[in-house]
Structures are given as structure tokens and as C-alpha cells.
> 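Sharing a structure below in C-alpha cells format, with a few things to ask.
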Amino acid sequence: MKTRIAVLVSGGGTNLQALIDAGIPSGEIALVAASRPGVYALERARRAAIPSVVIARKGKTQEEFERELIAALEAHQIDLIVLAGFLTILSEDFTKRYPRRIINIHPSLIPSFCGEGFYGLRVHEAALARGVKLTGATVHFVNEIADGGEIILQKAVEVKAGDTPEILQRRVMEQAEWQLLPQAVELVSREIADARS
Ligand code: GAR
């Protein structure tokens, strides 16, 4: 039986697109859940005929938000949760429910430029400010520590003279994130599928 995967998004969804385009042989994307209405990731889900829900973070307590999210995950019988540009921190209560069943992509080589406050372009701004010559992307399991869970895959990307945060972000996506995320999702999804059969 294929692993049922939910992809959680908050923005443009290029990593979701990379998963859709690569395909996950041992799994299927059974749900896309967005924490903000109107994000382009929802359009990508619609075009790929993947069921989607909006569970807005705004105007809710953490508990209410997570209760709704869990209800959606259960309704779609989700086995594996992929955070792909999902910018809401999940509580310990939530992460403890799904040990080794939540994975995240982060646009740096953890443990550099990670943890609370490091997301999206901010990560690349910090890397450029520090003057590192190599950065990259990391896929890791999610636990109660922000960006602190076990590392699954990493890939390094060169920083070049004259890079802006936007240019560096694009290079990290093209050369690392869009390859790494489908690989890591397949690895974990295969493990779940194999453990069941
Ligand atoms: C990606 O670069 C992802 O690594 C990053 O947000 C971007 C989302 O882009 N995630 C984080 O910073 C998490 N801390 P996308 O919506 O086009 O996939």
C-alpha cells in the first residue's frame, strides 16, 4: 500500500511542485494543506488534482489551529507529513504525535542559519552577512526543537561574489532543494511502506 503523504505549505509551493514533478514511487500526495488562503501552492495542487484544504493560522490559538490540522490529516488517513515552505511552528504536542513522521526542508546547511526566526529569504540574508562560501539545504525530521531533528539529507551549494539573497535563494532551490526533497520523501515513504508490508 502506498504511503499517504500530506504536504503543508504557506507560500509559492515550488518544493511542492518539485514533489509533484518527481513523483514519489512508494507514496502518493493525498493532501495539500495551506496555512494561508490564496497562496500559489493551492493552485499547483488544483492543477495536479490533489485535494487541498486551507487551515488559516491567523485568528486562531495554536491549539485550535493544530486541532483543525489533525482533523484534516486524520480525515485523509495521512501517514507522512512534509513541511515544504510551511512557516508555522508546530507545538511539542503536535510533533510528539508523529515521531519520525514529519519532515521539513530548510534552506541552509543545519546547524548554520536555522532555528526560530530563520525562514525564507532571512536565511540567505544571514548567510551572506556572515560571508560563508558554501551554503545549501537540509531535509530533517521534525521534533520539538525548531530545525533540531535528525538530519536525513543535505546538499551544499556555492555562494558567489555579487549574490543577493534572492539570487542565492534561487540557486539553493535549483541546485539543492528541488532534488533533495523528493529524494528524502521517497526514502522515508519507502521505509513506512516497507514496514507495513
Ligand atoms: C524554501 O526555500 C524552503 O526551504 C523555505 O521556504 C521556501 C519555500 O519556498 N523554508 C524555510 O525557510 C523553513 N524554515 P516554496 O514555497 O517555493 O517551496
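Counting starts at 1 for both ligands and their atoms, in listed order.
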> Does any non-hydrogen side-chain atom of Gln62 lie less than 4.5 Å from one of Arg57?
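Yes, side chains in contact.
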
> Can you list every protein residue that has a heavy atom under 4.0 Å from any atom of ligand 1, sorted by chain and residue number?
Gly12, Gly13, Thr14, Asn15, Gly85, Ile105, His106, Pro107, Phe118, Tyr119, Gly120, Met173, Glu177

> Working to the nearest 0.5 Å, report the span between CD of Gln154 and CG of Leu109.
5.5 Å

> Is any side-chain heavy atom of Leu69 closer than 4.5 Å to one of Leu90?
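Yes - at least one pair of side-chain heavy atoms lies under 4.5 Å apart.
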
> So for atom CZ, which belongs to Arg36, do other residues, nucleotides or ligands contribute more than 12 heavy atoms lying within a distance under 6.0 Å?
no

> Does Val132 reach the side chain of Ser112, with side-chain heavy atoms less than 4.5 Å apart?
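The answer is no, as the side chains (C-beta and beyond) never meet within the 4.5 Å cut-off.
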
> Has Glu64 got more than 12 heavy atoms of other residues, nucleotides or ligands less than 6.0 Å from its CD?
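More than 12 heavy atoms, drawn from other residues, nucleotides or ligands, come within 6.0 Å of this atom.
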
